[in-house]
Amino acid sequence: INLNNNLDDNNTQLINLNTSIGSFGKRFLSAGVNLRTAKIKSHTKIFRNSSSNDFEYTIAENLPKRKQIHAYFKSEGILQNLSWAVSNNSQLNIDFWHQNTFREIPATTTQNISQAVQIDLSNRMAVTYRHYREKLSLESKVAYIDEDNDYADPIILIDTKNRFKRWLHQSKLNYTFESDLNLSFNYQYINTKASTAFYEDQQNHDQLAITFSAAKNWGKLYSFFAARKEWQLNTSAAINPMLTSTLKISDAYSIGFKVSREYRFPTLNELFWVPGGNEALLPEQGWNQELNFTHHKTRKLKTNISLYHRKIDNWILWGLEEGSFIYTVTNLASVRSYGAEVKNELPFNLGPTTNKFTFSYAYTISENQTNIVSPRIREGDQLFYTPKHRLFLDWSMSSNLINLSINANYTSGTNGINDMLDDYGLLNAYLSKQIDYKGLSMESGLTIRNILEANYRVIERRPMPGINYSIFLNFKF
């Protein structure tokens, strides 16, 4: 859940009901009520999502299948939005979220038993004021976030008792000139109070950021420039600029580029976790460059090609120092990433149906620039969990009778921290049907995932389910 829960002004239904069931004990139910007067709108939603996740998996071909246990998941909550049209050009929104999540952490493929659980309790409230004029807009938001996160494992005597309380205030002022020049000023302040069994003291953390941006349209050329400055924990970031520009060469062709400075402060855990945190950490920083080419004709093939390069210094990494058995965090490395992404979309009509083929491919090199002892990363090695090749194919079809989609994807093998992850391919299918009758809208559908029963891992020692399904039924009236 983020801090945006705006009402859909086009939603005229009074009640929304959504339910689904699926493999491995999956159950989902949500209900929403929309009420409105001339000036006030209200949207209320409650939900409950649960799953046993007790699927069978294979460790090795010469070993019997094992059933995953201690993997129950449940999440439930309520969302409330109130919107008041103060005047013709002013609006006040009040949003509230409550969510309670419980999950059992199953044993890995190298463990015999697990008793670990995680409980997340979140309460969030935001008040937003928006004011619009012909050329000027102002938005200001105040939010409070109260989150409890408890990870407990009695086998290794861990109970984190993490508590986070945040106050946020942000404002955005936007002005558009007659010359198609748009200027924007953004301000954001966040105060975080954090405590855990693994901090020596409660941490009080302030963040302040100011961003200025300008966008200009010169006919066939569009340019956008932004500069961001951030302060926190008695230190400040360098000014981070970004410039992006797109040139429309013709009705069918366009080319664009982006140059930006990247900057990331250490997290509270990286700074204060005991043992292993490091208050002397430097922020990660570097530069990013992108080049994009697009070819698109109406109702014909659309092609987008992107090239990118990124170099990040002071990469923050947890590892074992020589002679130590405790993981600590330091600025260990420099990382260079580059690659290409290609996406093609081909829409076409076949009889009474509307169809679209989508093909995309991503080639990613993300390599370490220095030797690291633990975890063992040699200079030039690909980063953990970063496959070099990803391929995606999709065919979707819609008609007055049904909507159908079949997609296949391939992910190449990559390095994990402990083991090598093999490559894998997945095949999925989606089928749905919508019926509208006298103000009642009903949609039902079927989803089948991993049709070919691929035995794969996204993270080593964490099995993924074989073929599984879910059936959903939604009502709006």
Side-chain angles (χ1 to χ4, degrees), residues 4 6-23 26 28 30 32 34 43 45 220 222 246 248-256 292-306 340-363 389-411 425-452 454 467-477:
N4 291 304
N6 299 329
L7 284 171
D8 181 2
D9 289 334
N10 297 319
N11 187 359
T12 59
Q13 278 78 23
L14 176 63
I15 297 176
N16 302 312
L17 298 174
N18 304 283
T19 182
S20 68
I21 61 173
S23 303
K26 177 179 173 58
F28 175 79
S30 73
N34 299 302
H43 173 67
K45 179 182 178 181
K220 294 185 176 182
Y222 172 81
T246 302
K248 190 174 182 180
I249 302 172
S250 67
D251 291 339
Y253 295 93
S254 64
I255 189 170
N292 298 286
F293 172 81
T294 301
H295 172 257
H296 185 207
K297 284 189 175 182
T298 304
R299 303 301 300 170
K300 292 187 177 180
L301 179 67
K302 178 181 179 180
T303 300
N304 181 266
I305 301 174
S306 299
E341 297 179 1
V342 179
K343 183 176 181 179
N344 291 293
E345 295 180 350
L346 178 62
F348 63 95
N349 294 326
L350 185 62
T353 66
T354 300
N355 299 261
K356 184 170 72 172
F357 279 119
T358 302
F359 162 82
S360 64
Y361 168 73
Y363 174 72
H389 307 280
R390 288 183 181 271
L391 180 66
F392 177 83
L393 296 169
D394 178 83
W395 168 62
S396 61
M397 182 273 292
S398 61
S399 69
N400 294 330
L401 297 176
I402 61 170
N403 298 308
L404 175 65
S405 176
I406 299 175
N407 68 60
N409 61 78
Y410 169 80
T411 301
L426 299 175
L427 180 66
N428 310 304
Y430 310 88
L431 178 67
S432 66
K433 168 66 177 177
Q434 181 169 322
I435 299 174
D436 298 312
Y437 179 74
K438 292 185 178 181
L440 172 65
S441 177
M442 182 184 74
E443 183 182 16
S444 61
L446 169 67
T447 298
I448 307 176
R449 304 176 189 87
N450 196 4
I451 296 173
L452 301 181
I467 185 170
N468 62 95
Y469 74 92
S470 61
I471 301 172
F472 72 85
L473 184 61
N474 301 333
F475 293 94
K476 295 181 181 180
F477 53 88

Could you check whether any side-chain heavy atom of [X] comes within less than 4.5 Å of a side-chain heavy atom of [Y], counting everything from C-beta outward?
{"X": "L301", "Y": "N344", "answer": "yes"}
{"X": "L14", "Y": "F477", "answer": "no"}
{"X": "L391", "Y": "F359", "answer": "yes"}

Do Y410 and H389 have ring centroids that are under 6.0 Å from one another?
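Ring-ring flag for H389/Y410: false, centres at least 6.0 Å apart.
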| said: If you take the centroid of each ring, where Trp contributes its six-membered ring, are F348 and F357 closer together than 6.0 Å? | reply: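 Yes, they do, as the ring centres are separated by less than 6.0 Å.
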Between [X] and [Y], which heavy-atom pair has the shortest distance, and what is it?
{"X": "S441", "Y": "Q434", "result": "OG-NE2, 3.5 Å"}
{"X": "K476", "Y": "N16", "result": "CG-OD1, 3.1 Å"}
{"X": "G425", "Y": "A454", "result": "O-CB, 3.4 Å"}

key: N304/F293 under side chain to side chain contact (heavy atoms under 4.5 Å, CB included): CA gap, chis, key distance, verdict   = CA-CA 6 Å; N304 181 266; F293 172 81; over 6 Å; no
If you measure from [atom1] on [X] to [atom2] on [Y], what distance do you get to the nearest 0.5 Å?
{"X": "N474", "Y": "E443", "atom1": "CG", "atom2": "CD", "answer": "6.0 Å"}
{"X": "F472", "Y": "L446", "atom1": "CZ", "atom2": "CG", "answer": "9.0 Å"}
{"X": "S360", "Y": "E341", "atom1": "OG", "atom2": "CD", "answer": "8.5 Å"}
{"X": "L404", "Y": "Y430", "atom1": "CG", "atom2": "OH", "answer": "11.5 Å"}
{"X": "K433", "Y": "I402", "atom1": "NZ", "atom2": "CD1", "answer": "8.5 Å"}
{"X": "K220", "Y": "T246", "atom1": "NZ", "atom2": "OG1", "answer": "14.5 Å"}

Modelled atom types, side-chain donor and acceptor of N428 and R449, under 3.5 Å
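N428 vs R449: no donor-acceptor pair found between side chains.
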Step through the shown structure and confirm whether more than 12 heavy atoms of other residues, nucleotides or ligands are within 6.0 Å of CG on N349.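 For N349, atom CG is crowded (more than 12 foreign heavy atoms under 6.0 Å).
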Looking at D436, I want to see if its CG is surrounded by more than 12 non-hydrogen atoms of other residues, nucleotides or ligands under 6.0 Å.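 Yes.
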Looking at [Y], is its backbone amide N or carbonyl O close enough to the side chain of [X] to form a donor-acceptor pair, meaning the two atoms are under 3.5 Å apart?
{"X": "S23", "Y": "Y469", "value": "yes"}
{"X": "K45", "Y": "S30", "value": "no"}
{"X": "K356", "Y": "D394", "value": "no"}

### Task
Evaluate the salt bridge (Lys or Arg N to Asp or Glu O under 4.0 Å) criterion for residues E345 and K343: first the C-alpha distance (whole Å), next the side-chain angles of each, then the deciding distance (0.1 Å), finally the verdict.
CA-CA 7 Å; E345 295 180 350; K343 183 176 181 179; 3.3 Å; yes
Check your understanding: Stepwise, does the side chain to side chain contact (heavy atoms under 4.5 Å, CB included) test hold for L17 with T19?
Key -> CA-CA 7 Å; L17 298 174; T19 182; over 6 Å; no
message = Working note: N403 + L431, criterion side chain to side chain contact (heavy atoms under 4.5 Å, CB included); need CA distance, chi angles, decisive distance, verdict.
response = CA-CA 6 Å; N403 298 308; L431 178 67; over 6 Å; no
Would you sort out whether L427 and I406 count as a side chain to side chain contact (heavy atoms under 4.5 Å, CB included), showing the intermediate values?
CA-CA 8 Å; L427 180 66; I406 299 175; 4.0 Å; yes
